Each structure stands twice: as C-alpha cells, then as structure tokens.
2 protein chains.
Amino acid sequence: MNNTNENINQKVKLDDVANEAGVSKTTVSRVLNNRGYISEKTRKKVNEAVELLNYHPNEIARSLFINKTFIIGLIFPTTNNPFYGQLIFHLENICESLGYKVLLCNSEGREDKEKSYLEMLQRHQVDGIIAGSHNRGILEYDNPQLPLVGIDRYLSENTPVVSSDNYDGGKKATQLLIDKGCKKIIHINGSPSLETPANLRREAYEDVMKENQYYPQSYVIGENVIETIFNENPDVDGIFASDDLIASSVMKEAKRRNINIPADLKVIGYDGSEITRMLLPELSTIQQPVKEIANLAVRLLLKQIEGETESQIEWKLPVNLIESETT
Amino acid sequence: MNNTNENINQKVKLDDVANEAGVSKTTVSRVLNNRGYISEKTRKKVNEAVELLNYHPNEIARSLFINKTFIIGLIFPTTNNPFYGQLIFHLENICESLGYKVLLCNSEGREDKEKSYLEMLQRHQVDGIIAGSHNRGILEYDNPQLPLVGIDRYLSENTPVVSSDNYDGGKKATQLLIDKGCKKIIHINGSPSLETPANLRREAYEDVMKENQYYPQSYVIGENVIETIFNENPDVDGIFASDDLIASSVMKEAKRRNINIPADLKVIGYDGSEITRMLLPELSTIQQPVKEIANLAVRLLLKQIEGETESQIEWKLPVNLIESETT
DNA sequence: CTTTTTATGTCAACCGGTTAACAGAAGAAA
DNA sequence: TTTCTTCTGTTAACCGGTTGACATAAAAAG
C-alpha cells in the first residue's frame, strides 16, 4: 500500500527485491544465505528491500534445486487418540526446533490409506518418514531408499524401531496385579497379527503368569469383547488392558455391573498419556516416555538423512509404573 | 535389483521413464496428466515403464511450475488435547479426500511460534491456512493475500470464522444448572483478552444469570484457580467450565474435598470430544459438532483458494447438550 | 487418392530460486 | 604506484517437471 508498483497482486520474487535494492539477483541470494563477501551497506539495503516488499523466498524453488525439502512425513493412525496426539505433538515440536516441518497423515490403520500416503510423501520429496502404523511389509518393498523410522511398529528388517520397553511394562503390570492378590487375571490386547513390539506386553503377561502358576488368558479387543469377558469369567479379579482406552471401557462396564474397583476387580492400563492421566487419574497404568520416544525417533531419522548409519535396530526406552486407585 | 542401469542410486526421473518406454518426455507427461491424444499402446508402454522403474513424479518440480502445492497449513495450539486432536484429525481427513495435504503446526498458543510458522507456511507456498490459535492481528497485517479460515478465532476483519454456537452453548449450560436447582453458579473461562468467539460462552452465562436474578461470577483459569474458587465460595453448587479439561479438574478437586457430585455440586463442561466422552462419560457437557466444523472450514478455505468470494464471515454450528451424571 | 483426425516427436521457454565462473571496481597494504 | 583483499555484478547452467508451438506420420473418413 505504501510503495510503487511491484506488489499489486503478483507474489514478490527475488528479482523484485534485487531491483528495489538496486543490486543483482546474485547479491540478494548471497545476503539471504550468508555466502561470499557482502558489505554491511549492501546487506542493509537488501534487508530493507526485503522488509519493504514483504518478501518471502519461495522454498519450493529452493527445495527443487538443493534437492531437499526439510519436510518429514508422519504416518500414524489418528491424532484423535491421547497417546498419538501427545506423540505427534512432541514429534512436531522436535522437528520444528531442528528446522524441519511435518506433513501429517492419519492412516486410520488402513492399509490402502497408508499406501497412498506413502506414495504421496515420496512424490512430495519428504526427507524422511516416521511411522507408527500397522502393516509390516508395505513400507518395506515399495520404499528402499527413503529414510524411515518406526515407532512401536516393525517396518522392515533394517528400519530402526523405537518403542517403550514393552516386555518390562507387561511384566510390571502383571506382577502388580499378582502382588495385589489377584487370582484370575485376564489380558486384553490388540490384534497380535500386527507384528508390533507391543505384542511383547502380552508375551510378558503370559510369562509372568506361568512363572506364578497361573493360567494366562488373553482376549483380542473388538465388538463386545469386554462384555464377553465378564460373562465368561464371572470370577475375574484382575484385568491388564494393553492401552488406557480399553482400560477405561473395562472400568465403565464394571461400573455398569456394580463391580467394585479395586475391591473386587483390579485394572491396569498402558500408555499413561497426559490426557488420560488428567481425565482418569484413578487408573493405574504403565506410562510410556512419550517425549523421549519422539526425541529418539527424530534423532535416528536425522542421522539417516545425513547419511550416517546406525547398526542398532531396536531401541527400548524404560517405562514407569503408575500405581493409582484401580489396583 | 531386477533391471539394468537406471536405478542404481539416483532418483528416477521423467527422462528415465521416457527412455525406458522409448517415447519422449512430453509423451510421458501427457500420459501421466491425461492431456492430448495418447494411444492405448503408448499409454500402456509408459505405465509399464513407470511400474518397472518405480517412478514417483517430483511434486516439487510440478508445484513450482503450476504455482500450487495442494498443501494446507494447520496452526493450532496442540494435538495433545482431545478437542484439537479430534478437530485436526477431521481436518486432515477432509483435506486428504479432496487431494490436499496438511502441514501441521503446534503453536502452543505462543505468539512468536505462530509468527514464525506463518512465515514458514508462506515460504512453503501453502495454498491456504486454517488456524485456531490465539492472537488476533498477527495473521492480519502480515498476510493480506493468503487464503485463511479461522476456527473459533477471529483472525482479521474479513477472514471467515467457523465456530460452534458458543452463545447458545453457554445459555444451555447455564440454564441447565439453574433448572437443576443450583443457586450459586460460577463460570470458569480462558483469558477474555483473547478475542475469541468462545467469549460468547461467558456472555451467555452472564445474561442468563442476570435474567434469573442471579449474580454472575467468572474466574479466569490459571494456577490454583480451582482451589481458590472453592475456598472463596464454600457455598458454590454449580460450575460451568468453558472446557472439559477444566471441568475434570473441578471434579478432581471436589473429590479431594469430599464434595459430592452431583448432590452438592453440579458441573458442566464444554467441547464433548470423543476422548473426553470415552474417558469421562459421567461429565455433562456441551458438545461441539467437530466434524461439521472441520468440514465447513475446509470448504470455505477451498472456495477462497478457487477465487470465489463469500460474504458471510461468521459461521455458527449448532451444539448439543449432553446431560450426564454430573448434573 | 485426397482430406481429416489422431498420435507422437522435438524444441524451447518457464516456474523461482542457487551457484560456479569470470570480470571489474574500490579500498587497504606494501 | 602497485599489489592484494574485499565487494559486487553479469551470465548462464541447473533442479525436474509442464506446456505451447510446430512438424510429421499413421489411421480413418470422404
């Protein structure tokens, strides 16, 4: 509104800045990227022109040339879940602090969506992908050279996976229920056909049960499973749910049936996200170190992007048992 | 691993496909974009070459030329919040279904972050921005020509704002507490200095209170505010919190003080996101039509992107009162 | 056997930056 | 005054696609 003729409608470009400052395109580029010799006077002139014209360098053009976008693709089931919401928050935060942006993909655990997202991310030339979705194998063969890191999901033979120490978490949860005197402990988990490190929670549960001469009994989450569990096992007195949302459903159903928690039934979940802790503080749970997971995942990805190789594939971070009122 | 020489290391490009298929660059481009005359035979040859070489068109190069990225920037405080998590999920979903991708920005309500994100999104040539962050004015002057839509936040004089019918929600919540016999009703809200449509919740509260000859009393959320409220108002028997997380804190504090809900104190929140409903089903609340809000916001943004103008600025979507056990 | 339609090719400009190469001018040091 | 730094400019190639102009060949229609 103040100046002459340039910013009528078209986007301001490098040339316009050069003209305004009375220098060449090259000089402007040098100022903006701090390369070569530049006098203070010219630097100032250029910066003033940038200000005046409200110039924003076209990162697309830049990306094309330098063959790098500084964009990371995130593929997760959904932000509408306290654990993933928190994880994605931290991932984005860390990326941002390191100069990377984040393209968000909600796969909803659907193989077709994940596939098309993957294709899309490649087309968009993302520098790398962090995925915490299902479906081993999809990412694998399609995708030989793009830097990849998995969170709680195996993606291929040699892509790093970051997860909480699921086995230890499962052990701690089961042991707690046993210590609290539960006799009939049932485990509820996601589909074990998804080969995820989270299956170790169940494995630990089974091992601990057997060690203590108990009979392990697992149900896979699904329609009406919780009702079924109560119907088939009226004597159940301990439930280890493989995530907090399932645990909360268990609590709801117990309440409906007038089963007193923790007197008659003890419940422990898994995840311990901030939101669950806030809305359901009475739930005992195994808390994952979300921020540390995010941190490590990003660091491992950037290492790959920078061409460094890392031989370690599996990374396990320690969990934290939170004992609250449901046990 | 199967083929000849092309895919040793370098990314496959249009030229490689053209060579492989024995046609020209132009022809490949025509096949991929369905332009001009192409025989079935050539189309097939090209597609086979694309398959064989595992070619992914470089969207960056394409974007540069067509001057459009099909990327939408999302600026919200954090995905680590049930309401925003759900909103962002839907926004991404709708964008995806319309061929747009989403760059995620967690502003954490910080003015400096929002500013630098805005700058970043412009550099990345996003086609538009949907923002639900604080700070009226920031987006305004910096940003005259980029298509913008606000969710529950005024961004400038003439950027569309989509929100739930906050006034009606505030009215319904307050009226419910009155109907249930509450005599001393307190409202807790976010900082009113942020000029957001959410302030209408408070306005409605005050209006309804006055209409009923009650004295309206609002507190701004902050450190220890909830304790203060109970300390200063031992006779409080109704609380209308301007979001569900605050309501849950109120419930927690009431429990600590052995105040029985709903017998001695009735509580109602605002938002009614899926996660809160799941983890805290007993909380009465005003539910926002999250998916519809997302839908409308995206539609309004795309209209702007396509150059259509829309005179309506404020869009209010109906809320839904959920009466549960806390009232 | 023409004429028209359909199919394909070559060529070059373009999108908006970066960068290397080379040249020349001003200022400081010898 | 001469030489060496430091500063700035011009030019052109390049990143990987898209697109319009123009030419030509084959197939279909008249």
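For the numbers below, each heavy atom of this structure counts, side chains included, while hydrogens, waters and symmetry mates do not. Letters A, B, ... are given to chains in the order of the sequence lines, protein chains preceding strands, and every chain is numbered from 1. Being a predicted model, the structure only gives us computed values, none of them experimental.
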Rounded to the nearest Å, what distance is computed from the CZ atom of residue R30(B) to the C1' atom of nucleotide dG17(D)? 15 Å

Going by salt bridge (Lys or Arg N to Asp or Glu O under 4.0 Å), name the residues that satisfy it together with E59(B), two or more places apart in sequence or in a different chain. R123(A), R62(B)

Give a yes/no on whether any side-chain N or O of Y55(B) is located under 4.0 angstrom from OP1 or OP2 of dG16(D). no

Value in whole Å for how far the P atom of dG17(D) lies from CD of E59(B): 10 Å

Sorted by first residue and then second, give each salt bridge (Lys or Arg N to Asp or Glu O under 4.0 Å) pair with at least one member in residues 78-107 of chain A; sequence neighbours left out. none

Measure NE2/H124(A) against C1'/dG16(D) and give the value in whole Å, please. 14 Å

Assess whether a salt bridge exists between R110(A) and D112(A), defined as any Lys/Arg side-chain N lying under 4.0 Å from an Asp/Glu carboxylate O. yes

S164(A): side chain to side chain donor-acceptor pair (under 3.5 Å) partners, not counting sequence neighbours: Y270(A), Q288(A)

Under the rule for ring-ring contact (aromatic ring centres under 6.0 Å, His included), what residues qualify as partners of Y100(A), not counting sequence neighbours? F70(A)

Sugar-phosphate, base or nothing in reach of N33(B), heavy atoms under 4.0 Å: sugar-phosphate

For H56(A) and dG16(C), what is the distance between atoms NE2 and C1' respectively, to the nearest whole Å? 16 Å

Just to confirm, is there a sub-4.0 Å distance from OP1 or OP2 of dA20(C) to any side-chain nitrogen or oxygen of R35(A)? yes

Among all residues two or more places apart in sequence or in another chain, which pass the side-chain contact (heavy atoms from CB on, under 4.5 Å) test with E51(B)? none

Interatomic distance, K44(B) NZ vs dA7(C) P [rounded to whole Å]: 17 Å

Round to a whole Å and report the spacing from CZ of R123(A) to P of dG16(D). 17 Å

Results of ring-ring contact (aromatic ring centres under 6.0 Å, His included) for Y84(A) - residues two or more places apart only: F76(A)

Output a table of nitrogen or oxygen pairs between the protein and nucleotides 11-15 of chain D separated by less than 3.5 Å.
from: dT11(D); atom 1: O4; to: T26(A); atom 2: OG1; distance (Å): 3.2

Does a side-chain N-to-carboxylate-O contact under 4.0 Å join K45(A) and E48(A)? no

For atom CZ of R62(A) and atom C1' of dT19(C), their distance in whole Å: 12 Å

Tell me which donor-acceptor pairs under 3.5 Å the side chains of residues 290-299 of chain A have, and how far apart each pair is, sequence neighbours excluded?
none

What integer distance in Å separates K45(B):NZ from dA7(C):P? 14 Å

Hey, what are the protein-to-nucleotides 23-29 of chain C N/O distances that come in under 3.5 Å?
none

Is S29(B) near enough to dG17(D) that one of its side-chain N or O atoms lies under 4.0 angstrom from OP1 or OP2? no

